[in-house]
Structure formats: structure tokens, C-alpha cells
Amino acid sequence: MRKILVTGGLGFIGSTTVVSLIENGYEPIIVDNLSNSKEMVIDRIKQITGKEVPLYIIDVCDEENLRTVFAKHHPEGVIHFAGLKAVGESVEKPLSYYENNLLSTLTLLKVMKEFDCRNIVFSSSATVYGIPQRVPLYESDPVNHATNPYGETKVMIEHILMDTQDAWPELNVAILRYFNPIGAHPSGLMGEDPNGIPNNLMPYITQVAIGKREYLRVWGNDYPTPDGTGVRDYIHVVDLANGHVATLKKLDTNPGVVIYNLGTGKGTSVLEMITAFEKATGKKVPYQICPRRAGDVAENYANCDKAYNELGWKAQYDIVDACRDSWNWQSKNPNGYNK
Ligand code: NAD
Ligand code: UFG
């Protein structure tokens, strides 16, 4: 497999993965509708890799346009990053989330079948485990109702992919359940560029450090965790990107459906993250303890043995590396891709 269609390839994880694909000899082709990204990302990819990547500004839900891309490039595999991902927004606009995330996947699978494209890697999420009954989370743990419409789209798409593979056994499906992606490309040329006030911890911290926000609100310090703050499994986006390359190699062995957690296997609390950031960057992060945020779980981290045993992949970077790279990106691009 060489030619890989990357949906949502201008986004945070997609763009970093495109770089890893190129570094590993793949030929990515990007489709993205710019709903949460900027066209200049393609220039950054070129700056890092020296390669011109074909880019189509189209919606994956648009069957005709998607067909044109398949007819031109005949990709052998697809990595499907395209989707809406803001948990809070999904509660306010459930129909947009169901429409975009489900319809893009259905359209993609339909066109893949038409062109006999037999490999798909899907961006799922730890959110499919719902409220964890125990940690660490294993791939065999029950996939529960997610706690919000965004998460439900991931649960539903996992089912759609498995049903499709049942009916089309030549199809290879890799479901990757990401834990909490942070960090940025070490060049400082690509990173996370949230719209408005960030919901996620790391972009909020970097915006406090650069002076855009006064202080971090720590959502609760009364959880049953060592220091009372929420614990998550933060994975460097470059590690995550490399996990996709390892997964494509696995798909070359025609495994049918495979599911992997992509995390580090290690939990980090909010206060530990603040300390790691201060250590990595020398910047102070003022914070205030606030009440718990609705819908948050106390603790969530992965067991990643399956990915290591079957893909030979494990995370190489730690949270101090990720803090350094997030800060490198934020300080070189104070307004993200808006200059
Ligand atoms: P992102 O928003 O940066 O990237 C998604 C990209 O998809 C954007 O460039 C957007 O413009 C594009 N897109 C959305 N809908 C589209 C459509 N219909 N047609 C074409 N392009 C479309 O998000 P990300 O953080 O890079 O996440 C990538 C994937 O990983 C998403 O599916 C997300 O749900 C999943 N995921 C992300 C996280 C996270 O914390 N970042 C965690 C778990 C899973
Ligand atoms: N947190 C704060 N202050 C903030 C932001 C976050 O204290 O300003 C805390 C949260 O309470 C939580 C931790 O930092 O304890 C991480 O929060 P994030 O919002 O960064 O990440 P979540 O684990 O809540 O959510 C992420 C993704 C979701 C995905 C979920 C489960 O953003 O898309 O993981 O996989 F659904």
C-alpha cells in the first residue's frame, strides 16, 4: 500500500500524520472541507517534507466530488480523520454531528467499495468506553453509550465499519481509539489551532502561558485520584501519527477488523501537567481550582499492550516533550494559523 487518501488531512492529527506518511514512503492525498482547518497547512507540510501533497478542498459527504478524487488517484487505503470533534458543541448541535460524522463515513465507504479500495483506518476515541468501569482500559472492555452525541457518533461508526466488513470480507478495518492527543510537530510549524476559547487542557495552558488567558481553571480537585484532579492519558501527536503508519503496515497482512488503543498507558493529573509544562518551558501557569466540569470522568488511561504486541508500536515521547513542543508551536504562532 502506498497511496493513502487522508480525509481531514489539514487538521491537527491529520496534518502530523501526513508528514509521518511521507517520511515513511507513502503518497498521501488530502481531502478536507476547511471546516476546522486552514489551507496554509499544506504549505507547512511542504516546508517540513519538501513534498507537494495533492489537496482537494471538498466535503467527504459530497459523493460526486469524492468519486472524482478516487477516479484520479485510486488510493489503496484511507485514513478517515474528517469529523467534528467538540464535545460541548455536539450537545448543542447533535444533528450537525450525526449528519457530518455519519454521512461522511457512509459516503466514504460507498465510494471505497465502488473503487475496490480495501483498507480503512478510522479515528475513534477513548470516549467509546463511556464512564470507565476500571482503568486501564483494554480494547476488550465494553463499548458503552458515550456521554455525548460526539462520542455516540464514534460508537455508531465503529458498528458501521464492522457491519460493512462482515458483508465485504476483503475490507480491512483498523479502529484506533485515541486517548488525549497533545504536543505539536517539533518544527513548530504545525499544531493544534482551536477556534475561540479552548476546551481542552493543553491549548488552554499554552494560551495562559502566552498571556491570552489570565489563568487556568482546574475543573475539580475532589476526584478520587492521588491529587484530586482529573487523570488522563496524554499522547504526543507525533507518536499518534506514527501509530497510523504502524497500523497501515498491519493492514497489509489482511487482518479484517482490528482495534487498538493509542495512548501511553500512563495517567497524568491536571496538576502534574501544569508542573510538567512549567518544567519544560520555564513559564508559570497560574491556576484556580473550580467546580467539576459536567460530564468529566475522574480517571481515564489506556492499556496499550495490544498495539505494542501486534503493531510493534509504542509511544516514545513523554508529557515534558509534549509540553515543550506545544509551547514551541504556540510561541512561534501566537495566533495559530491566523499569523
Ligand atoms: P481537527 O478538527 O483538527 O481535524 C479534523 C479535520 O477534518 C479538519 O481539518 C476539518 O476541516 C475536517 N473535516 C471535518 N468534517 C469534514 C468533512 N465532512 N469533509 C471534509 N473534511 C472535514 O481534529 P483532530 O484533533 O485532528 O481529530 C481528527 C480525528 O480524530 C477526528 O475524527 C476526531 O474526532 C478524532 N479524535 C480526536 C481527538 C482529539 O482530542 N483531538 C481524540 C480522539 C479522537
Ligand atoms: N481540564 C481543566 N481545565 C481546562 C480543561 C481541562 O481542568 O480548562 C481538565 C479536565 O477536567 C480533564 C483534563 O483536564 O480532567 C483533560 O480535559 P480535556 O478537555 O483536555 O480532555 P477530555 O479528556 O475531557 O476529552 C478528550 C477529548 C474528547 C474525547 C475525550 C475522551 O477532548 O474529544 O478525551 O477520549 F471524547
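Order of appearance sets the numbers: ligands from 1, and atoms from 1 within every ligand. The structure presented is a predicted model; accordingly, all values stated were derived computationally and were not measured. For this chain, numbers begin at 1 and follow the sequence in order. Values below: all heavy atoms of this structure, side chains included; hydrogens, waters and symmetry mates excluded.
Protein heavy atom at the shortest distance from atom 29 (C) of ligand 2 is S125 OG, 3.8 Å. With respect to atom 11 (O) of ligand 2, the closest heavy atom belonging to the protein is D296 OD2, 2.6 Å. Looking from atom 2 (O) of ligand 1 to the surrounding protein, the closest heavy atom is N36 ND2, 2.7 Å. Atom 8 (C) of ligand 1 has D32 OD2, 3.6 Å as its closest protein atom, hydrogens excluded (heavy atom only). Scanning the protein heavy atoms around atom 3 (O) of ligand 1, the nearest turns out to be F12 N, 2.9 Å. Shortest contact from atom 40 (O) of ligand 1 to any protein heavy atom: P181 CD, 3.3 Å. Here the heavy atom of the protein found nearest to atom 20 (O) of ligand 2 is L201 N, 2.9 Å. Considering only non-hydrogen protein atoms, atom 26 (O) of ligand 1 sits nearest to I13 N, 2.8 Å.
Look at I58 and you'll find a heavy atom under 4.0 Å from some atom of ligand 1. Contact analysis leaves S15 out of contact with ligand 1, as no non-hydrogen atom separation drops below 4.0 angstrom. In this structure, Y150 has a heavy atom closer than 4.0 Å to ligand 2. Proximity of E192 to ligand 1 is not established, as no heavy-atom distance is less than 4.0 Å.
Ring orientation note: the planes of W327 and F277 are nearly perpendicular, at an angle over 60° on the 30°/60° scale.
Comparing S90, G8, A86 by heavy-atom distance to atom 7 (O) of ligand 1, the nearest is G8. With distances taken over non-hydrogen atoms, the option nearest atom 30 (O) of ligand 1 out of F81, Y178, Y97 is Y178. Among Y234, Y287, W219, the residue whose heavy atom sits closest to atom 2 (C) of ligand 2 is W219. Which of N199, I182, V231 comes nearest to atom 5 (C) of ligand 2 through a heavy atom is settled by distance: it is N199. Scanning R232, E299, Q207 for the heavy atom closest to atom 12 (C) of ligand 2 points to R232.
Only the side chain of N180 comes within 4.0 Å of ligand 2, counting heavy atoms alone; its backbone N, CA, C and O stay farther away. The proximity of F179 to ligand 2, defined as any non-hydrogen pair under 4.0 Å, does not occur for either the backbone or the side chain. In T127, the parts holding a heavy atom less than 4.0 Å from any atom of ligand 2 are both the side chain and the backbone. Contact annotation: for N200 versus ligand 2, heavy atoms closer than 4.0 Å belong to both the backbone and the side chain.
Each salt bridge (charged side-chain N to carboxylate O under 4.0 Å, His left out) pair with one or both residues in residues 103-113, not counting sequence neighbours, appears once here: E63-K110.
In terms of polar-atom proximity, defined here as any N/O pair under 3.5 Å, R217 does make such a contact with ligand 2. Considering backbone and side-chain atoms together, V87 places no N or O closer than 3.5 Å to any N or O of ligand 2. Checking only distances, N300 never comes within under 3.5 Å of ligand 2, N or O to N or O.
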